[in-house]
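Written out below as structure tokens is the structure these notes cover.
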Amino acid sequence: MQLERYEQFWWNEDDERRYREAMSRPFSALVFTLLSQNTSSANTRSAYRGLTAAFRVTPGVIRDADGAALAEAIKPGGLHHVKAARLRELAAFVIDEYDGDLGWVYKLPRDVARQRLLEMPGIGPKTADVLLSSVHGQREAFVVDTHMFRIAFRLGLVERDASYGEVQRCLTLLFPWDSIPDGERDRVVQLFWFLARHTCSARNPRCPECPLADICEQRLE
């Protein structure tokens, strides 16, 4: 997939380290993904850096944080007042329902854990699957966002009004998982996302450069 064209989009070591640290703990993983809603990856990383510089990312600290200070810390991510309120609501829910412990995410069957996650305020299918994919892998919890929706439709895999679940199933079947080493699967999916985001862009898609142009129903001549 001509990896060199996407090198500029890989995270630097510090951002990668922060992301891995966030994904290693269920609550911080939910926080990171909530911050990613309706903004870019770069803004998400900036917001999370601001948050971790000002607060410990634990349910108790986030629940009790001053709303204005919390919003200021995550301001680079946009919609900071809305997201600050959501973070505090999420933290309060985790404390009230699970005594601040989300360790069950690693222990319960994937579908059971997913249903519990979807019952939390501010947590939708994408946010739940980001966390579950860090536990079970993309093969078992493929993450679908706007860019994945778009490329699935353009490839003719789904209709324009397809549900999240339909897109997820079709894209999961697209990948030859058994021929991809376990340690490379996340990287392959990330490259596919780069293709969807930067080549199969919403406006002015770069079809002549796309390695999937020959099988794309929406390609531009």
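Treat the numbers as computed from the prediction; the structure is a model and nothing was measured.
- Between G122 and L34, the closest heavy-atom pair is O-CD1, 4.3 Å.
- With respect to the salt-bridge test (charged N to carboxylate O, under 4.0 angstrom), the residues D96 and R63 do not qualify.
- Here R116 contributes atom CZ and L108 contributes atom CG; the two are 5.0 Å apart, rounded to the nearest 0.5 Å.
- Within 6.0 Å of atom CZ in R17, more than 12 heavy atoms from other residues, nucleotides or ligands are found, so the atom counts as buried in its surroundings.
- Annotation: side chain of V189 is in contact with side chain of M148 (closest heavy-atom distance under 4.5 Å).
- Residues V135 and Y98 are members of one and the same hydrophobic cluster, defined by side-chain heavy-atom contacts under 4.5 angstrom among Ile, Leu, Val, Met, Phe, Trp and Tyr.
- In terms of heavy atoms, P76 sits closest to A47 at CB-N, 4.1 Å.
- Under a hydrophobic-cluster definition in which Ile, Leu, Val, Met, Phe, Trp and Tyr are linked whenever side-chain heavy atoms come within less than 4.5 Å, directly or via other members, L90 and V61 are assigned to the same cluster.
- Scanning all heavy atoms of the two residues, the minimum distance from A73 to F55 falls at CB-CE1, 4.0 Å.
- Looking at heavy atoms from C-beta onward, L171 lies in side-chain contact with L174 at the 4.5 angstrom threshold.
- The shortest side-chain heavy-atom distance between V158 and S163 does not fall under the 4.5 Å cut-off.
- Within the 3.5 Å criterion, the main-chain N or O of Y48 finds a donor-acceptor partner in the side chain of T52.
- Residues P59 and V94 share a closest heavy-atom pair of CG-CG1, 4.0 Å.
- The aromatic rings of W193 and H198 stand perpendicular to each other, their planes meeting at an angle above 60°, with 30° marking the opposite boundary.
- Contact of the P26 side chain with the W104 side chain is not registered, since no non-hydrogen atoms from C-beta on lie closer than 4.5 Å.
- The closest donor-acceptor contact from the side chain of T199 to the backbone of C210 lies at 3.5 Å or more, if one exists at all.
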**Report entry** Step-by-step side chain to side chain contact (heavy atoms under 4.5 Å, CB included) determination, T33 to M23
**Finding:** CA-CA 9 Å; T33 312; M23 292 298 111; 4.2 Å; yes

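- L79 and L70 fall into different hydrophobic clusters, where Ile, Leu, Val, Met, Phe, Trp and Tyr side chains are chained together by heavy-atom contacts under 4.5 Å.
- E21 places none of its side-chain heavy atoms less than 4.5 Å from the side chain of S28.
- Using a 4.5 Å cut-off on side-chain heavy atoms (C-beta onward), I62 and L51 make contact.
- Counting only N and O atoms by type, the side chains of R169 and T172 include no donor and acceptor under 3.5 Å apart.
- No path of Ile, Leu, Val, Met, Phe, Trp and Tyr side chains, each step under 4.5 Å between heavy atoms, connects L118 with V167, placing them in separate hydrophobic clusters.
- Atom CD1 in I74 sits 14.5 Å away from atom CZ in R49 (nearest 0.5 Å).
- Counting only N and O atoms by type, the side chains of D129 and Q168 include a donor and acceptor under 3.5 Å apart.
- Once rounded to the nearest 0.5 Å, the distance linking CZ of R150 with CG of D145 reads 8.5 Å.
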Report task. Step by step, work out the side chain to side chain contact (heavy atoms under 4.5 Å, CB included) result for L155 and E217. Result -> CA-CA 5 Å; L155 288 173; E217 293 190 357; over 6 Å; no

Report task. Decide side chain to side chain contact (heavy atoms under 4.5 Å, CB included) for F93 and E89; before the verdict, give the C-alpha distance in whole Å, the side-chain angles of both, and the deciding distance to 0.1 Å. Result -> CA-CA 6 Å; F93 182 92; E89 183 181 10; 5.8 Å; no

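- For the atom pair NE2 (H147) and CZ (F194), the distance works out to 11.0 Å, reported to the nearest 0.5 Å.
- Hydrophobic clustering (ILVMFWY, side-chain heavy atoms < 4.5 Å, transitive): L157 and V144 are in one cluster.
- For E119, the CD atom sits in a packed shell: over 12 heavy atoms of surrounding residues, nucleotides or ligands are nearer than 6.0 Å.
- A 4.5 Å side-chain heavy-atom check between Q37 and T127 finds at least one atom pair inside the cut-off.
- Enclosure of atom NZ in K75 is not indicated, since only 12 or fewer non-hydrogen atoms of other residues, nucleotides or ligands lie within 6.0 angstrom.
- The OG atom of S134 sits 12.0 Å away from the CZ atom of F32 when rounded to the nearest 0.5 Å.
- In this structure the side chain of V143 reaches within 4.5 angstrom of the side chain of S133, judged on heavy atoms.
- The heavy-atom pair separating I151 from C200 by the smallest distance is CG1-SG, 4.0 Å.
- Side-chain N or O atoms of R139 include none that pairs as donor or acceptor with a backbone N or O of W177 at under 3.5 Å.
- With rounding to the nearest 0.5 Å, the separation of NZ in K107 from CG in L102 is 11.5 Å.
- Judged by distance alone, the side chain of R114 and the main-chain N or O of A128 form no donor-acceptor pair under 3.5 Å.
- Judged purely by atom type and a 3.5 angstrom limit, R110 uses its side chain to pair as donor or acceptor with the backbone of E140.
- Listed here is the closest heavy atom pair of H81 and A71: ND1-CB, 3.6 Å.
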